[in-house]
Amino acid sequence: MCTGGRIVDHLRSGIEDARNDVLFVGYQARGTLGRDLIRYGRRPGGYVVIDGERHEIHARIHELTGYSAHADQLGLVAWVGGMGEMPREIRFVHGEEGARRALEGVLGAGGRRSEVGR
């Protein structure tokens, strides 16, 4: 959502350059820099304020919809199953341990290696 970390520096130094593109693949909550970039980046004269400084948005802002970081087990299994080539390794790094292990069992059953993140 562009509220902290290195992305803020990248945006500060790049959104005023019309040669750049910014691609959002996930949900951007109201009140975040990411949401403001999507909202105002499509308007003539659009700008955002980063750390108290105004930055005009000349970079092209894109929003790729249809992806979610909150799929259920069935959705994740279908997503992996729909890949043209199965991944050699799948790492589970987020979520409750029981849910991760259950998903590992379902996906690991197809002969693919998996690793449960800690």
Side-chain angles (χ1 to χ4, degrees):
M1 295 191 204
C2 308
T3 58
R6 294 178 62 190
I7 188 61
V8 176
D9 295 326
H10 292 300
L11 290 169
R12 182 184 301 113
S13 65
I15 61 171
E16 294 187 295
D17 190 335
R19 296 174 297 174
N20 293 330
D21 290 270
V22 179
L23 178 65
F24 288 96
V25 181
Y27 174 75
Q28 302 299 307
R30 186 180 320 207
T32 64
L33 176 57
R35 173 68 74 89
D36 288 346
L37 284 165
I38 290 170
R39 182 174 182 190
Y40 301 113
R42 296 181 180 132
R43 295 181 181 180
Y47 70 92
V48 291
V49 176
I50 302 174
D51 295 331
E53 295 180 16
R54 179 184 165 131
H55 294 270
E56 292 186 12
I57 305 168
H58 296 291
R60 289 174 301 278
I61 307 297
H62 310 275
E63 188 176 14
L64 184 59
T65 59
Y67 289 92
S68 172
H70 299 283
D72 61 6
Q73 185 185 82
L74 183 61
L76 291 170
V77 170
W79 180 67
V80 171
M83 293 179 177
E85 182 178 326
M86 290 297 166
R88 290 181 309 208
E89 182 177 7
I90 298 173
R91 293 181 183 243
F92 300 88
V93 297
H94 183 70
E96 298 290 330
E97 183 175 350
R100 289 193 324 253
R101 291 205 181 276
L103 182 58
E104 176 188 24
V106 172
L107 292 175
R112 294 174 292 281
R113 273 183 27 221
S114 61
E115 179 178 308
V116 177
R118 297 195 178 14

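Keep in mind it's a predicted model, so treat the numbers as computed, not measured. Hydrogens, waters and symmetry mates play no part in the numbers below; they use all other heavy atoms, side chains included.
Atom NE2 of H62 is separated from atom CG of L23 by 7.0 Å, given to the nearest 0.5 angstrom. Taking CD of E16 as the start and CZ of R54 as the end, the distance is 9.5 Å to the nearest 0.5 Å.
The side chain to side chain contact (heavy atoms under 4.5 Å, CB included) check on D72 picks up L74, with sequence neighbours excluded. Annotation: side chain to side chain contact (heavy atoms under 4.5 Å, CB included) contacts of S13 (sequence neighbours excluded): none.
In the hydrophobic clustering, where aliphatic and aromatic side chains (Ile, Leu, Val, Met, Phe, Trp, Tyr) are joined below 4.5 Å either directly or transitively, I61 groups with I7, V8, L11, I15, V22, F24, L33, L37, I38, Y40, V48, I50, I57.
Surrounding CZ of R43 are more than 12 heavy atoms belonging to other residues, nucleotides or ligands, all under 6.0 Å away.
Using a 4.0 Å cut-off between charged nitrogen and carboxylate oxygen, R12 and D9 count as a salt-bridge pair. With salt bridges taken as basic N to acidic carboxylate O contacts below 4.0 Å, none links E104 and R100.
Considering every non-hydrogen atom in both V80 and P87, the closest pair reads CG1-CD, 4.4 Å. Nearest heavy atoms, T32 versus M1: CB-O, 3.5 Å. C2 and G34 get closest at one heavy-atom pair: CB-N, 3.9 Å. Y47 and E56 make their closest contact through CB-CA, 3.9 Å (heavy atoms, listed as atom of the first residue, atom of the second, distance).
A distance-only check finds a donor-acceptor pair linking the side chain of R35 to the backbone of Q28 [under 3.5 Å].
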